[in-house]
Amino acid sequence: MLRQREVIYFLRGYSSGSRVKMKLSTKFLRMKFLRNETSFFSSTSHSAAKVEIGRQFTQIASLENTLQRKKTFGQPTPESHPHLLKPGELVPGFLLKEFKDRRESLAQKVLNVDHNSHHVIIIPSSCTQYMTEKIPYVFRQNSDFRYLTGCLEPESVLLMLISHDKLCESTLFVRQKSVHSELWEGPRTGVDNAPQFFGVDRAKPNSKLLEELYELKKALDKFILWYDYSAPVNSYVQQTVAKFVGDTKFEALVSVKSKIHEMRLIKSPAEQIVLKESAEIASRGIESAMAVTKPGLTEHHLFATVDYFCRINGAEHLAYPPVVATGTNANTIHYIDNIQQVKEGEMILMDSGCELHGYCSDITRTWPANGKFTDPQKTLYDVVLSIQLELIDKCLKKQVTLDELFKDMCNLLGKRLKEAHVLRKNAEGLKPNELGFELCPHHVGHYLGMDVHDTATINRDIPLKEGMLITIEPGIYVKAGCALLRPEFHDMGIRIEDDVLIKGSGAEVISNAVKTPTDIEKMCNSGK
């Protein structure tokens with residue numbers, strides 16, 4: 001007969017979280033019961049035996065239900081992290097249905113290319129990367145894979161089989177459950193749990209990808225294989241596809257990235273909500289850095305301030321290594337050393353954003369180290385701010401392209417500098433656009449979303465459409481010895497950048513850190 005202490009041992013072993021004790025399953029309990037069944041019948045009446053059998057099987061079923069409820073997964077769930085996910089969400093802010101819909105949309109896109117052929121799409125996850133032996137970097141999922149699956153685990157692969165008669169069948173290749181590996185790396189969703197959890201048709205061990213490709217080749221003979229072979233994110237998948245292509249002399253290999261980027265370019269309502277939250281957190285983070293700035297601090301101190309603020313307000317981490325540049329360091333557009341000491345009379349240029357639930361913000365502000373703009377600083381700052389406001393206004397009023405806005409920025413910068421009487425005589429004869437490009441050589445904006453420079457396969461010469469998110473970031477960079485501006489304007493770098501959501505009615509600036517000179521000075525002095 002099943003002993004009470006064995007049931008208690010099972011419950012204790014399970015609740016303790018010990019992977020070894022969890023191996024004790026209800027199968028063991030059933031076997032233990034059956035082994036004692038004969039002796040029980042010999043000493044008990046038939047009716048009493050039936051009652052006891054029912055009681056014990058009810059007990060076993062209860063234990064099985066407990067085991068079922070205690071499933072572990074390789075990422076947060078509404079049950080394990082109710083402060084992050086609402087019921088029905090696969091990842092924070094996104095229902096499982098959204099990922100299914102995205103896969104269906106991608107399937108339709110490739111069918112539009114060739115409706116009569118079979119199509120196989122392979123999207124790999126990122127791999128764990130190591131800074132040194134056994135010491136991993138913080139894992140960041142491949143954005144395309146995350147966009148289509150909601151899966152946050154490494155070493156995974158999405159395979160989609162698409163045909164005209166059955167629109168889309170999705171298979172997720174994942175890591176198998178492993179007591180040893182999960183002891184060190186945390187839970188895995190596993191093959192058995194993955195179909196229901198991620199809403200896919202099937203799941204297989206990630207080691208079976210090559211075998212699956214051979215089986216598809218045998219079953220279908222011909223199909224188009226969509227895989228981004230030119231920019232691999234997963235060496236195992238790259239080698240697997242290369243072996244399959246080599247062994248079968250496969251020719252119909254096409255990159256799928258541009259099709260996914262066309263989808264990612266237009267943000268869904270759920271994406272817009274998360275992007276606005278990301279911009280809000282980053283805006284307040286930059287303001288917190290303004291409030292503590294004073295001569296004598298280091299750039300790294302300000303870096304740590306914005307990083308800390310963003311993380312304690314929900315961001316997983318900063319979206320990229322921030323630029324925190326004091327004085328002439330701001331003339332290095334991608335300056336990320338962030339080790340110089342802030343000096344009296346200088347300005348700080350901070351380009352920073354955060355990543356929230358897989359979505360990025362990207363904001364730049366420039367402010368005086370001592371809380372008060374000098375006249376030359378304010379003159380150049382007003383020029384840049386006026387240009388940014390005018391470019392944002394153009395997004396509100398008509399369909400434009402980012403390339404058109406860049407040309408406008410160069411022209412406006414040249415004109416406003418002439419109007420401000422800051423140029424040397426030898427610069428007066430330059431055309432406005434030439435002068436503007438010389439002093440601001442970077443583009444005026446880029447697409448923004450899951451990646452900071454989002455949807456890289458999409459050109460900047462297409463009209464802005466509802467649902468796009470862009471940055472508007474004019475700047476001016478004047479190094480020591482600049483032949484174009486008078487000496488009092490040297491050693492200054494100024495950039496003002498905001499995140500702009502294109503809407504049917506125009507545009508909405510979703511980043512709102514203070515940026516008028518008056519408001520900046522007030523913010524800089526609020527912490528003193």
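- Of the possible donor and acceptor atoms, one in the side chain of Gln377 sits under 3.5 Å from a partner among the backbone N and O of Thr374.
- Remark: Lys503 engages Glu508 in a salt bridge, criterion side-chain N to carboxylate O under 4.0 Å.
- Residues Thr298 and Gln340 have side chains that never bring a donor and an acceptor to within less than 3.5 angstrom of each other.
- Counted within 6.0 Å of NZ on Lys109, heavy atoms from surrounding residues, nucleotides or ligands total more than 12; the atom is thus considered enclosed.
- A salt bridge is defined here as a Lys NZ or Arg NE, NH1 or NH2 lying under 4.0 Å from an Asp or Glu carboxylate O, and Asp454 with Lys267 meets this definition.
- Between Ile458 and Glu262, some side-chain heavy-atom pair lies under the 4.5 Å cut-off.
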Hey, mind stepping through Lys276 and Asp499 against salt bridge (charged side-chain N to carboxylate O under 4.0 Å, His left out) and telling me if it holds? CA-CA 9 Å; Lys276 288 179 181 180; Asp499 304 341; over 6 Å; no
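- The closest donor-acceptor contact from the side chain of Thr401 to the backbone of Glu404 lies under 3.5 Å.
- Ring centroid separation for the pair Tyr130 and Tyr137 does not come in under the 6.0 Å cut-off.
- In summary, the side chains of Ser278 and Ser361 do present a donor paired with an acceptor at a separation below 3.5 Å, with no hydrogens or angles considered.
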Step by step, work out the side chain to side chain contact (heavy atoms under 4.5 Å, CB included) result for Phe94 and Val274. CA-CA 9 Å; Phe94 298 92; Val274 176; 3.9 Å; yes
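- When all heavy atoms of Pro474 and Ile387 are compared, the pair lying nearest together is CB-CG2, 4.1 Å.
- Contact record, Ile502 with Cys395: CD1-CB, 4.4 Å, taken as the closest heavy-atom pair.
- With contacts defined as side-chain heavy-atom distances shorter than 4.5 Å, the pair Val110/Trp226 qualifies.
- One finds the CD atom of Gln196 at 6.0 Å from the NZ atom of Lys71 (value rounded to the nearest 0.5 Å).
- Checked by atom type, the side-chain pair Asn331/Thr328 shows a donor-acceptor distance below 3.5 Å.
- At least one donor-acceptor pair under 3.5 Å links the side chain of Tyr236 to the backbone N or O of Asn206.
- A donor atom on one side chain and an acceptor atom on the other are not found under 3.5 Å apart for Asn142 and Ser125.
- Counting only distance, with no hydrogens or angles, the side chain of Asp498 and the backbone of Ile510 share no donor-acceptor pair below 3.5 Å.
- Remark: Asp519 does not engage Lys515 in a salt bridge, criterion side-chain N to carboxylate O under 4.0 Å.
- Here the side chain of Glu155 pairs a donor or acceptor atom with the backbone of Thr128 at under 3.5 angstrom.
- Residues His317 and Arg311 have side chains in contact (heavy-atom distance under 4.5 Å, counting atoms from C-beta outward).
- Heavy atoms only, all atoms of each residue included: Ala330 and Leu349 are closest at CB-CB, 3.9 Å.
- Interatomic distance, Thr379 OG1 to Met492 CE, rounded to the nearest 0.5 Å: 8.5 Å.
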Is there a side chain to side chain contact (heavy atoms under 4.5 Å, CB included) between Asn512 and Glu280 once you walk through the steps? CA-CA 7 Å; Asn512 56 12; Glu280 173 69 19; 3.4 Å; yes
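- The shortest side-chain heavy-atom distance between Glu419 and Val383 does not fall under the 4.5 Å cut-off.
- Taking the six-membered ring for Trp and thresholds of 30 and 60 degrees, Tyr477 and His442 have ring planes more than 60 degrees apart, a perpendicular arrangement.
- Between the side chain of Gln238 and the backbone N or O of Tyr229, at least one donor-acceptor pair lies under 3.5 Å.
- A salt bridge is defined here as a Lys NZ or Arg NE, NH1 or NH2 lying under 4.0 Å from an Asp or Glu carboxylate O, and Glu182 with Arg188 fails to meet this definition.
- The CD atom of Glu473 sits 6.0 Å away from atom OG1 of Thr364, with the distance rounded to the nearest 0.5 Å.
- Considering only heavy atoms from C-beta on, His443 stays 4.5 Å or farther from Leu405 through its side chain.
- The cationic group of Arg102 lies under 6.0 Å from the six-membered ring centre of Tyr147 and within 45° of the ring axis, placing it in a cation-pi geometry.
- The distance from the CG atom of Leu302 to the CG atom of Asn338 is 9.0 Å, given to the nearest 0.5 Å.
- At a threshold of 4.0 Å, the pair Asp144-Arg264 counts as salt-bridged, since one of the basic side-chain nitrogens sits closer than that to a carboxylate oxygen.
- The aromatic rings of Phe437 and Phe406 sit perpendicular, their planes meeting at an angle over 60°, well past the 30° parallel limit.
- Side-chain N or O atoms of Thr293 include one that pairs as donor or acceptor with a backbone N or O of Ala289 at under 3.5 Å.
- Arg495 and Thr366 form no side-chain donor-acceptor contact under 3.5 Å, judged by distance and modelled atom types alone.
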Walk me through it: do Leu391 and Leu412 pass the test side chain to side chain contact (heavy atoms under 4.5 Å, CB included)? CA-CA 10 Å; Leu391 295 175; Leu412 286 169; 4.2 Å; yes
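- Taking CG from Leu485 and NE2 from His490, the interatomic distance works out to 6.5 Å, rounded to the nearest 0.5 Å.
- Using a 4.5 Å heavy-atom threshold, the side chains of Tyr359 and Leu448 count as separate.
- A distance-only check finds a donor-acceptor pair linking the side chain of Gln75 to the backbone of Leu152 [under 3.5 Å].
- Residue Asp375 qualifies as open at atom CG: its count of foreign heavy atoms under 6.0 Å is 12 or below.
- Ion pairing between a basic and an acidic side chain is recognised when a charged N comes within 4.0 Å of a carboxylate O; Glu185 and Arg175 show such pairing.
- Taking 4.0 Å as the cut-off between side-chain N and carboxylate O, Arg365 and Asp351 do not count as a salt-bridged pair.
- Here the closest non-hydrogen pair linking Ile363 and Tyr320 is N-OH, 3.9 Å.
- Of all heavy-atom pairs spanning Glu316 and Gly358, the tightest one is OE1-N, 4.4 Å.
- A donor-acceptor contact under 3.5 angstrom links the side chains of Glu346 and Thr326, judged on distance only.
- Side-chain N or O atoms of Ser80 include none that pairs as donor or acceptor with a backbone N or O of Pro76 at under 3.5 Å.
- The 12-atom threshold is exceeded at NZ of Lys343, counting heavy atoms of other residues, nucleotides or ligands nearer than 6.0 Å.
- Residues Phe198 and Phe99 keep their aromatic ring centres 6.0 Å or farther apart.
- Side-chain contact between Cys151 and Phe145 is present, with heavy atoms from C-beta onward closer than 4.5 Å.
- Under 4.0 Å is where a charged nitrogen must lie from a carboxylate oxygen, and between Lys407 and Asp403 no such pair does.
- In this model, a donor atom of one side chain and an acceptor atom of the other lie less than 3.5 Å apart for Asn112 and Gln108.
- Between Lys418 and Glu428 there is no salt bridge, since none of the side-chain N atoms of the basic residue sits less than 4.0 Å from a carboxylate O of the acidic one.
- Aromatic ring centroids of Phe303 and Tyr308 lie 6.0 Å or more apart.
- Heavy-atom minimum distance, Ser126 versus Arg140: OG-O, 3.1 Å.
- A salt bridge is absent between Lys294 and Glu344: the closest approach of a Lys/Arg side-chain nitrogen to an acidic carboxylate oxygen does not fall below 4.0 angstrom.
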Would you check, one step at a time, whether the test side chain to side chain contact (heavy atoms under 4.5 Å, CB included) holds for Leu484 with Glu438? CA-CA 9 Å; Leu484 301 176; Glu438 185 71 24; 3.4 Å; yes
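- A salt bridge between Arg284 and Glu287 is present, with a side-chain N of the basic residue lying under 4.0 Å from a carboxylate O of the acidic one.
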